[in-house]
Amino acid sequence: MPAETPPENGPEPAMPDSPLPGTSTPDESREARDAPLPGSFNEAWLNRPHWVRRTEAFFHLVRIKFAHAVLLPELSPDQAFDLRQTVRQEGQLTSGYILMCALAAGIAILGLLQSSTAVVIGAMLVSPLMSPIAAMGFGFASLDGHRIRDAVKVVAIGALIGIATGIVLTLLSPIRNATPEILARTEPNLLDLAIALLSGLAGGYSTVIGKGGTAIGVAIATALMPPLAVVGYGIGVLQPLFAMGALLLFLTNLAAITFAFALVARLSGAARPLGKVEWTPRYVAILIAAFLVLATPLTMTLMKLTNEARIRSAAQNAIIEACGDNSVNVAQLDVSSSLFGSPKVKALVIATSYTANAQAAAETLLRTRLGENVEISLQQVLAADVRSQTQAMVDAAMERTTAGIAADVPPFKTIRQKIGLPTRAIWTDRAQRQVYIEPVPAPEWTLEDYRVTEKAASQGVSGWTVRLVPPPQPSLRVALGGPESGTRPDDALPVDLAIWALQRWGLGAVTISGAPVAELETLSRQLAMAGIAATVDDADVDDAAKPSATPSTAPTEGKDTAVIATIRVYAPSPSHEAAEKARRDTATRAAALEESFPAP
């Protein structure tokens, strides 16, 4: 055989002394090593019609033009052969590869357990998954079942090592909580798929040009090693749904990265010519099986994402319609679906007023339009002006985690069960972590009953404080002083209970009357300490040392009755005040006329 000369663009990369399985000896020519193998398909390809050759030439020209347009180099046959050999050599199974997979998976699972993004990224720096994936992508580009079989074996061993490491460290770890970093990798979404696809394209480009492979490998490992660690975590804590979701995410990302490598390899000319592929039944079967293994989860994910996009669009329209206000702003909307349950929608809307039963109405509308049951969890944040709405959106965005929307929804169902009353309205104050409940007025319930129920409901809810808003009353009769002040009538309230009711009604100012001035001043100071301004009604002040007895406040025989004051809850009616003012003005003018024109 004639001696080989190095290509014009530089020295040929060093090859191992012993050839790789399926390759020829170094003293053979590249043409001989890439020569077509005997077989019916190869013979038919050599004798293909002229129009097939012209079509092949046309697509070859289109490929070159497109490769140049996306800044891909056009590799010569010798360069392409050297690149394929290098990729295959780097994708072999070695003891170093096994060790680095175990170390990367160990660092990844520990970072996931403590929800540390920095530690998870550190695991990617030592992950060796890019090399066998590149070999598998080049095998698909060349339709080479032999190369695909070898690469799949290496990737599978690395994946099993990652899963096993995740299981062992999860069982040994004292911390096994499902952190946001773990939950973010329990189901694929559109962003994960886009990251994997772009990482694969970047990895293929760096492989072809021979630069930046280490940095690109980090991005590729980011899409693969954490899901493998989560699979191990799910098995370790006996959560099969976590493990299955993370496995689907891994296979989806693996398929996207592999096919992206194959696309770049084919466009750059690095793939093996189709006429020189080994088309034996065995390797054709391996090629088809590997393709189905990768294409099936990718197809399932794409179908899932398409369905979620359809639900998201319908849910947004249904929520806006259910709230009944065009100014409603859907700040956050998350859709999740699974193979074993109904789709779920978590939404946060910002509105100027609260809409009762909006969640149930939205679920009914969505069921009618989609023909399937969709569970909606709806939060309403009230914001009166543009500035408040903007701040609410910022606050909601700040509460998002790496999973997207934070699972920060109060347990409404549990709260309703604790209260035990039909609910008229419910809203939340996310800043203060408070849930406000306005029940339907219950017969024979007193303000003390509502306060006791509020306390019981707050004790049964973790992370949130329940505020029960009792039915409003036009006025409150309050017994001033402590127990030593005398007997408190049945229709009079303690001061602390009256203040609790005023706070739940959101009142900042009231009018007090009906007691001696000194007692009213004491009551005014108590209200001021609770943030409620009190105005004394001078027209209804009892200046006596002791209030006169009335049928409802008659003293009990042998005992004194406590001093009673009245807190007027409702402000005076503006129309009534205007009419009263007009009446007084009319009376004043009439009196002035009588003085000016006395009767004869």
Under a 4.5 Å cut-off applied to non-hydrogen side-chain atoms, are [X] and [Y] in contact?
X	Y	answer
Asp334	Val345	no
Arg84	Ser142	yes
Ile257	Leu224	yes

[X]: side-chain hydrogen bond (donor to acceptor under 3.5 Å, both in side chains) partners, not counting sequence neighbours:
X	answer
Thr252	Thr301
Asn373	Arg367
Glu372	Arg310

Quick one: [atom1] on [X] to [atom2] on [Y], what's the gap to the nearest 0.5 Å?
X	Y	atom1	atom2	result
Ile161	Leu99	CD1	CG	9.0 Å
Asp150	Leu93	CG	CG	10.5 Å
Leu193	Asn253	CG	CG	7.0 Å
Thr299	Met303	OG1	CE	8.0 Å
Ser377	Glu363	OG	CD	9.0 Å
Ile133	Ser199	CD1	OG	10.0 Å

For this session: Tell me, with the steps shown, if Tyr205 and Leu201 meet side-chain contact (heavy atoms from CB on, under 4.5 Å).
Result: CA-CA 6 Å; Tyr205 182 78; Leu201 293 174; over 6 Å; no
Residues two or more places apart in sequence or in another chain: which of them pass side chain to side chain contact (heavy atoms under 4.5 Å, CB included) with [X]?
X	result
Thr179	Ser115, Glu181, Ile182
Ala362	Ile319, Ala322, Ile376
Val119	Ile107, Gln114, Ser116
Lys344	Ser336, Glu375

What is the minimum heavy-atom distance between [X] and [Y], and which atoms define it?
X	Y	value
Ala80	Ala270	CB-CA, 3.8 Å
Ser206	Met130	OG-CE, 3.7 Å
Leu197	Ala260	O-CB, 3.8 Å
Ala262	Ala141	O-CB, 3.4 Å
Val154	Gly91	CG2-O, 3.5 Å
Pro132	Val155	CB-CG2, 3.6 Å

N/O donor-acceptor pair under 3.5 Å between [X] side chain and [Y] backbone:
X	Y	value
Ser268	Val264	yes
Arg185	Leu249	no
Gln359	Leu378	yes

For this session: Scan for ring-ring contact (aromatic ring centres under 6.0 Å, His included) pairs involving residues 115-142, sequence neighbours excluded, and state none if there are none.
Result: Phe140-Phe259
Give every donor-acceptor pair under 3.5 Å between a side-chain atom in residues 227-245 and any protein atom, sequence neighbours left out.
from   : atom 1 : to     : atom 2 : distance (Å)
Tyr233 : OH     : Arg176 : O      : 2.7
Tyr233 : OH     : Ala178 : N      : 3.3

Problem set entry | Arg369: salt bridge (charged side-chain N to carboxylate O under 4.0 Å, His left out) partners, not counting sequence neighbours |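 Expected list: Glu321.
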